[in-house]
Amino acid sequence: FFQLEQAYWFYDDFHCDDTEADSTKPSLPRYGHLRPFALKMFEISPLLEGMRPNFDKMWAEFGIYKRKISTYGTVLLNEDCTQ
């Protein structure tokens, strides 16, 4: 799920933003959270589709595990905090 999380942020930050900036490109669906994105990947990926029936259980276990470990992040803003 950590790799799916990386894919989610890459998709959201680069692919979706890119289609919004260029009206000639077809728009892509935005996923408000990781879970619906991950579920979609389980539905369309040949590597993951066999595990689809266990998605809810694995998602719950991932949530428990993720809350037990330290994760870090940051936000970079300009001086006016507008960008």
Side-chain angles (χ1 to χ4, degrees):
F1 281 100
F2 283 113
Q3 290 173 334
L4 286 173
E5 187 173 33
Q6 284 183 312
Y8 165 71
W9 286 115
F10 186 87
Y11 171 82
D12 192 67
D13 290 344
F14 294 99
H15 292 291
C16 290
D17 287 350
D18 190 41
T19 60
E20 287 176 0
D22 185 351
S23 62
T24 63
K25 294 181 180 180
S27 64
L28 295 170
R30 285 257 188 201
Y31 296 90
H33 300 282
L34 173 60
R35 189 180 192 285
F37 177 85
L39 182 58
K40 187 62 160 178
M41 295 301 105
F42 271 73
E43 291 171 357
I44 65 173
S45 169
L47 294 172
L48 299 173
E49 67 184 352
M51 294 181 279
R52 171 60 187 97
N54 300 322
F55 178 84
D56 291 329
K57 180 179 183 284
M58 292 188 307
W59 179 258
E61 290 171 355
F62 171 69
I64 291 167
Y65 173 71
K66 190 171 180 183
R67 283 187 282 282
K68 290 180 180 180
I69 61 170
S70 297
T71 55
Y72 300 93
T74 187
V75 176
L76 299 176
L77 299 171
N78 64 9
E79 287 186 27
D80 300 327
C81 296
T82 57
Q83 294 184 352

Side chains of residues 44-58: which donor-acceptor pairs under 3.5 Å do they make with residues two or more places apart or in other chains?
from: Ser45; atom 1: OG; to: Leu47; atom 2: N; distance (Å): 3.2
from: Ser45; atom 1: OG; to: Leu48; atom 2: N; distance (Å): 3.4
from: Asp56; atom 1: OD1; to: Arg35; atom 2: NH2; distance (Å): 2.4
from: Lys57; atom 1: NZ; to: Glu61; atom 2: OE2; distance (Å): 2.7

Could you give the side-chain donor-acceptor pairs of residues 2-9 under 3.5 Å, partners two or more places apart or in another chain?
from: Glu5; atom 1: OE1; to: Lys66; atom 2: NZ; distance (Å): 3.1
from: Glu5; atom 1: OE2; to: Lys66; atom 2: NZ; distance (Å): 2.4
from: Tyr8; atom 1: OH; to: Tyr31; atom 2: O; distance (Å): 2.9
from: Tyr8; atom 1: OH; to: Gly32; atom 2: O; distance (Å): 3.4

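In the hydrophobic clustering of ILVMFWY residues, with side-chain heavy atoms under 4.5 Å counting as a link, Trp59 and Ile64 come out apart.
Through side-chain heavy atoms spaced under 4.5 Å, either directly or across other Ile, Leu, Val, Met, Phe, Trp or Tyr residues, Leu76 is tied to no other residue.
Rounded to the nearest 0.5 Å, atoms CG (Leu34) and CG (Leu39) are 10.5 Å apart.
With sequence neighbours excluded, no residue forms a side-chain hydrogen bond (donor to acceptor under 3.5 Å, both in side chains) with Asp80.
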